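Accompanying notes for the structure given below.
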Amino acid sequence: MSIFGKLDFTSLTPTEKAIYNYLQDHIKEIPSSSIRQISAGSYAGTASVMRLIHKMNYKSFNDFKNFVKQTQKDNEPSSDFFNSLSIDIYPSNLLQKLEALTEMILHSENILFFGVGASGATATLATRYLANLGVPGVFSLQDASWPIAKQLQNVADTLVIILSVSGETSEVLEAMAVCEKTRIQKLL
């Protein structure tokens, strides 16, 4: 679930998109920030910040901050998290899926990794790794408001790899829907 709620990015003003991106980039600082700090950091007025907060279905800035704080608490890994990882959590056909992905990557003209938050950082890392291996046409995108369909409309053989830890982030689900509508090849 996205802490920013379900949002229609096409309805956001450029100022609201700037605020949204600032909040996304400074998520850990939100619980200890004031609305004035957010507005100064995003180069917007406090009224614009509040309009975006209301569009995200929060009644007040404090409600938003409290929700972010609680979400961060809920997402803290437990002390035995890393000990609980084992090969059993992966599908039995993982090797076949990785081989299929490798084939898609090698036969695609362009490869776009997309993710938001931590998944966006992973997308950037994957892009860098493939670029260092010499794979041409590799890009990453972390901005959920970017017009993916318009940018890739006339580009042939594009593989879009959408990354999501939860699989429930509204921005990622919207990007997947856009890719499906434009018939851009995707891999989950």
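Please read all numbers here as calculations on a predicted model, not as lab measurements. Index from 1, following the sequence.
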- For the hydrophobic clusters of this structure (ILVMFWY residues joined by side-chain heavy atoms under 4.5 Å, transitively), does one cluster hold both V138 and L101? yes
- Task: For G45 and S39, work out which heavy atoms get closest and say how close.
- Result: C-CB, 3.7 Å
- What are the two closest non-hydrogen atoms of I19 and V49, and how far apart are they? CD1-N, 3.7 Å
- Task: Locate the shortest heavy-atom distance separating S34 from F61; write the atom from each residue and the value.
- Result: C-CE2, 3.7 Å
- In chain order, what residues pass the ring-ring contact (aromatic ring centres under 6.0 Å, His included) check against Y22, with sequence neighbours excluded? H26
- Who passes side chain to side chain contact (heavy atoms under 4.5 Å, CB included) against E99, sequence neighbours left out? L95
- Message: Going by side chain to side chain donor-acceptor pair (under 3.5 Å), name the pairs with one or both residues in residues 125-137, residues two or more places apart or in two chains.
- Response: none
- Item | Nearest non-hydrogen partners of M56 and L23, listed with the distance | CE-CD1, 4.1 Å
- Item | For F139, side chain to side chain contact (heavy atoms under 4.5 Å, CB included) partners two or more places apart | N110, L112
- Task: Determine whether F113 and V135 fall in the same hydrophobic cluster, where Ile, Leu, Val, Met, Phe, Trp and Tyr are linked whenever their side-chain heavy atoms lie under 4.5 Å apart.
- Result: yes
- Who are the side-chain hydrogen bond (donor to acceptor under 3.5 Å, both in side chains) partners of S48, not counting sequence neighbours? R51
- Note on the structure: So salt bridge (charged side-chain N to carboxylate O under 4.0 Å, His left out) across residues 11-20, not counting sequence neighbours, yields E16-K55
- Item | Same cluster (ILVMFWY, side-chain, under 4.5 Å), L106 and V160 | no
- Taking C-beta and beyond as the side chain, do I53 and I35 meet within less than 4.5 Å on heavy atoms? no
- Check whether any side-chain heavy atom of T71 sits under 4.5 Å from a side-chain heavy atom of F67, and report yes or no. yes
